Amino acid sequence: MGSFDYSINYQLDSDFQEDGACKFINNFKAEIFVQKSSGTPLKVGRFNFSIVLVNQIIELNKSPLDVLQEQEELIHICSKFIRLDNGQFLNDINAEQKGNLCIIHDLDLLPGFRGKGIGVYTLTDFLCRFKSMFSTLCIQVVPFQTSVTKRKRIVGENLDDFTKSMRYEDGSFDEETVQLKLYAFFQKLGFSYYKDNLFYLNTAEMSLARL
């Protein structure tokens with residue numbers, strides 16, 4: 001990583017609701033910082049992911065679909081990997097696969113910090129710390145410039161300062177080129193292409209040495 005000192009701050013919010021469906025979904029937010037020469041940390045990226053606790057859902061005889069109703073945006077991707085009635089993994093992934101499912105939502109870096117290997121270091125740190133919590137890791141690989149901007153527009157939100165600094169709507173942005181680069185990035189990390197721009201990684205078959 002050169003002479004720069006990078007760090008990641010992970011955050012998980014929880015509550016004491018015994019019957020709350022969200023207790024079966026761990027939503028993590030992470031911020032990536034670089035230490036400036038002045039000693040002040042500068043936020044240069046963000047990384048968000050959810051771990052759906054399929055094992056606990058099954059153990060308590062709950063319906064994955066009922067749990068996921070609390071966060072409907074997860075239903076589409078989860079339905080590609082598990083049966084929403086019983087939590088079993090679909091045969092075209094791995095008939096013997098069991099465990100929890102992790103979904104990466106986004107991994108964004110400021111323009112000046114792209115192409116420096118920070119994304120690989122972030123995923124390596126994340127997998128080292130969290131891979132024991134799930135058996136399958138998945139991501140829908142579309143340019144985050146496209147997905148974030150569309151999401152903001154759909155819900156009628158104004159872009160926050162950090163999102164604006166990402167220059168999502170830069171006129172030089174070429175969606176097709178960026179998508180191909182993302183495909184190559186995740187394939188190089190050992191992810192397998194599934195369908196509908198979805199890539200996945202079985203943690204039982206992975207090695208951190210490959211990253």
Side-chain angles (χ1 to χ4, degrees), residues 1-2 4 6 8 10 27-34 43-52 73-81 92-94 101-131 134-155 159-160 162-203 205-211:
M1 297 298 292
F4 293 101
Y6 291 92
I8 305 175
Y10 296 98
N27 294 310
F28 287 88
K29 294 182 179 181
E31 295 181 320
I32 305 166
F33 294 93
V34 62
K43 179 180 175 181
V44 299
R46 58 188 173 193
F47 176 46
N48 300 317
F49 58 95
S50 297
I51 301 177
V52 181
E73 67 275 11
L74 298 179
I75 293 178
H76 174 70
I77 292 182
C78 286
S79 67
K80 302 294 184 180
F81 292 90
D92 49 356
I93 290 294
N94 188 333
L101 180 65
C102 181
I103 301 169
I104 295 177
H105 299 298
D106 49 49
L107 173 54
D108 294 348
L109 295 168
L110 291 177
F113 292 86
R114 297 168 191 164
K116 301 180 182 297
I118 301 174
V120 174
Y121 278 93
T122 298
L123 288 174
T124 301
D125 185 84
F126 151 69
L127 286 167
C128 181
R129 298 178 186 280
F130 294 98
K131 76 184 187 76
F134 53 85
S135 61
T136 302
L137 172 65
C138 62
I139 180 171
Q140 190 160 36
V141 178
V142 296
F144 298 128
Q145 290 95 327
T146 302
S147 61
V148 172
T149 302
K150 285 184 177 179
R151 186 166 67 243
K152 292 285 186 180
R153 286 173 176 169
I154 289 173
V155 299
L159 298 179
D160 56 57
F162 184 82
T163 303
K164 289 178 181 178
S165 66
M166 297 294 294
R167 299 209 302 265
Y168 287 128
E169 300 186 66
D170 192 321
S172 63
F173 168 64
D174 184 303
E175 182 172 351
E176 183 176 358
T177 299
V178 173
Q179 179 129 1
L180 290 174
K181 288 182 178 180
L182 286 171
Y183 271 37
F185 174 77
F186 284 102
Q187 287 175 327
K188 185 177 181 179
L189 292 178
F191 282 74
S192 299
Y193 179 76
Y194 184 32
K195 56 184 177 183
D196 299 333
N197 294 324
L198 287 166
F199 282 73
Y200 74 98
L201 183 69
N202 289 335
T203 57
E205 302 172 357
M206 66 157 290
S207 169
L208 291 177
R210 297 169 56 186
L211 299 182

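Remember, it's a predicted structure, so these values are computed and weren't measured experimentally. We number each residue from 1, following the sequence as shown.
By the side chain to side chain donor-acceptor pair (under 3.5 Å) test, T122 is found to be paired with no residue, residues two or more places apart in sequence or in another chain being considered. Evaluation of the salt bridge (charged side-chain N to carboxylate O under 4.0 Å, His left out) rule for K29 yields no partner, not counting sequence neighbours. By the side-chain contact (heavy atoms from CB on, under 4.5 Å) test, F185 pairs with V120, L123, L189, sequence neighbours left out. Contacts of K181 classified as side chain to side chain donor-acceptor pair (under 3.5 Å), with partners at least two apart in sequence or in another chain: none. Judged as a side chain to side chain donor-acceptor pair (under 3.5 Å), and not counting sequence neighbours, the contacts of Q179 are N197. In this view, Y10 and F130 satisfy the ring-ring contact (aromatic ring centres under 6.0 Å, His included) rule, not counting sequence neighbours.
Residues F199 and Y183 bring their aromatic ring centres within 6.0 Å. Aromatic rings from F191 and F186 are positioned such that their centres are separated by under 6.0 Å. In this structure, F49 has its ring center closer than 6.0 angstrom to the ring center of F126.
A salt bridge between K43 and E31 is present, with a side-chain N of the basic residue lying under 4.0 Å from a carboxylate O of the acidic one. Looking at K80 and D196, a side-chain N of the basic residue comes within less than 4.0 Å of a carboxylate O on the acidic one, giving a salt bridge.
Between N48 and D108 there is no side-chain heavy-atom pair separated by less than 4.5 Å. Side-chain atoms of I77 and H105, non-hydrogen and from C-beta on, never get closer than 4.5 Å to each other. Proximity of N202 to L137: side-chain heavy atoms (C-beta onward) are nowhere separated by under 4.5 Å.
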